[in-house]
Amino acid sequence: MLEVIHLTKKYGKTLAVDDVGFAVPDGQTGILLGPNGAGKSTVIKSIAGLLRFRGAIRIQGQDSRSLEAKKQFAYVPELPYMYDALTVREHMEFICRAYGIAVPEERIESLFHRFELSDKQDKLGNELSKGMMQKVSICCALVINPKVILLDEPMVGLDPAAIKELKSQILELKEAGCTVLISTHMLEMVKELWDVTFVMDKGHILGTYTKEALASEDLEELYFSVTKQTAEQDAGDGR
């Protein structure tokens, strides 16, 4: 389970996120939506441990900054980063060592096969395209079998086959009881994956909606109806 509790973050005098709170239960996929500047990136980076913040974030009941929590958490950033001098396989080995886990060779080979990286294992980080880097980043996150995984625009740069495979992997993670949080603008890509969505703007969560409660309304309709309503309220208040 992922819990965000009274999360507040300022950059100087600018309040980027104001008392944000939400939770994604085990075995469910949450979607974080919002326009540019809504505060999504600040929330994501706070969960990933890249920013200092006020409030609390819990991963499987543990403080997100604790070693125990970090061992159960994986993060796929929007912009993948590869070490120039490490091969694709060495990136996987590096992650396994960093987490202090022994991963069966079959697990690594299976991920390489599923994301069409088997023939790219010896390529260096600086030899990869952005799409290939994204695949490696996803594999590095999946190889540890996380209990909670955060994916920031994970499908950008992926080819159709990789997008299909990533969707399959997310469904498998859910079946295994993993908590998934995705931040994305590609709403069509996640329509069959999500269970709960959080619509965010101006540093606040405007609303939390479950797929079950929305019935026939899709994510795109929900997003525009909520953000339009908020914009109209702001205009009426003279903001």
Side-chain angles (χ1 to χ4, degrees), residues 2 27 29 31 41 44-45 47-50 59-60 64 67-186 188-190 192-194:
L2 171 66
T29 295
I31 306 295
S41 293
I44 290 164
K45 290 177 181 177
I47 296 171
L50 302 176
I59 295 169
Q60 297 299 94
S64 64
L67 185 59
E68 187 59 35
K70 291 180 185 297
K71 287 181 177 179
Q72 303 178 78
F73 175 77
Y75 171 48
V76 178
E78 180 178 5
L79 299 174
Y81 176 81
M82 301 286 106
Y83 294 104
D84 289 348
L86 292 185
T87 66
V88 169
R89 172 166 282 275
E90 287 169 344
H91 276 89
M92 295 282 273
E93 293 172 355
F94 172 77
I95 291 297
C96 293
R97 291 185 184 185
Y99 276 82
I101 57 175
V103 177
E105 177 64 22
E106 304 83 63
R107 170 74 175 155
I108 296 175
E109 291 293 342
S110 174
L111 285 170
F112 282 156
H113 174 72
R114 295 182 71 167
F115 283 93
E116 300 181 328
L117 290 170
S118 296
D119 60 342
K120 306 290 191 303
Q121 296 185 48
D122 296 326
K123 280 191 172 291
L124 296 172
N126 61 7
E127 297 176 329
L128 301 176
S129 66
K130 185 181 183 299
M132 287 295 176
M133 291 171 67
Q134 185 75 340
K135 289 182 183 182
V136 176
S137 183
I138 291 167
C139 287
C140 285
L142 294 174
V143 75
I144 68 163
N145 285 318
K147 296 294 184 183
V148 176
I149 185 168
L150 170 59
L151 304 107
D152 188 7
E153 295 292 356
M155 298 175 190
V156 174
L158 294 182
D159 55 61
I163 289 174
K164 181 179 179 181
E165 186 53 51
L166 178 57
K167 288 181 180 180
S168 295
Q169 288 282 343
I170 291 172
L171 292 174
E172 289 175 21
L173 287 169
K174 287 174 58 175
E175 284 292 319
C178 179
T179 297
V180 182
L181 179 63
I182 303 173
S183 176
T184 184
H185 289 95
M186 302 173 71
E188 199 57 30
M189 298 293 185
V190 295
E192 71 268 45
L193 302 175
W194 73 285

Criterion side-chain contact (heavy atoms from CB on, under 4.5 Å) on Lys135 and Leu158, from CA distance to verdict: CA-CA 8 Å; Lys135 289 182 183 182; Leu158 294 182; 3.9 Å; yes
Spacing of Thr87 atom OG1 and Glu93 atom CD [to the nearest 0.5 Å]: 7.0 Å
Phe94 and Tyr83 aromatic ring geometry - parallel, tilted or perpendicular at 30°/60° bounds: perpendicular
CD (Glu188) with more than 12 external heavy atoms under 6.0 Å: no
Met92 and Phe112, any side-chain heavy atoms less than 4.5 Å apart: yes
Test log, rule side-chain contact (heavy atoms from CB on, under 4.5 Å), inputs Ile47 and Tyr75: CA-CA 9 Å; Ile47 296 171; Tyr75 171 48; over 6 Å; no
Distance, nearest 0.5 Å, that separates CD1 of Ile144 from SG of Cys139: 13.0 Å
Min side-chain heavy-atom separation Leu111-Arg107 under 4.5 Å: yes
Atom pair CG (Leu151) and CD1 (Ile138), whose distance is rounded to the nearest 0.5 Å: 7.0 Å
Ile44 CD1 to Leu181 CG distance, which is reported to the nearest 0.5 Å: 7.0 Å
Side chain to side chain, Leu193 and Lys167, heavy atoms closer than 4.5 Å: yes
Gln121 side chain reached by Glu109 side chain, heavy atoms, under 4.5 Å: yes
Steps toward salt bridge (charged side-chain N to carboxylate O under 4.0 Å, His left out) verdict (Lys164, Glu192): CA-CA 12 Å; Lys164 181 179 179 181; Glu192 71 268 45; over 6 Å; no
Over all atoms of both residues, closest heavy-atom pair of Ser64 and Ala69: CA-CB, 3.8 Å
Note, Leu171 side chain near Glu175 side chain (heavy atom, < 4.5 Å): no
NE2/His113: more than 12 non-hydrogen atoms of other groups inside 6.0 Å: no
Non-hydrogen atoms of Asp84 and Leu124 that approach each other most closely: O-CB, 3.5 Å
Any Val156 side-chain heavy atom under 4.5 Å of Lys130 side chain: yes
Close side-chain approach of Met155 and Thr184, heavy atoms under 4.5 Å: no
Flag side-chain contact, heavy atom, 4.5 Å: Asn145 against Val103: no
Shortest non-hydrogen contact between Arg89 and Glu105, atoms and distance: NH2-OE2, 2.8 Å
side-chain contact (heavy atoms from CB on, under 4.5 Å) between Ile59 and Leu2, intermediate numbers included: CA-CA 5 Å; Ile59 295 169; Leu2 171 66; 4.2 Å; yes
Point-to-point distance, once rounded to the nearest 0.5 Å, from CE of Met82 to CD of Glu90: 13.0 Å
Which atom of Pro146 lies closest to which atom of Cys178, heavy atoms considered: O-SG, 3.4 Å
Full working for side-chain contact (heavy atoms from CB on, under 4.5 Å) between Ile170 and Ile182: CA-CA 10 Å; Ile170 291 172; Ile182 303 173; 3.9 Å; yes
Interatomic distance, Leu86 atom CG to His91 atom NE2 [nearest 0.5 angstrom]: 5.0 Å
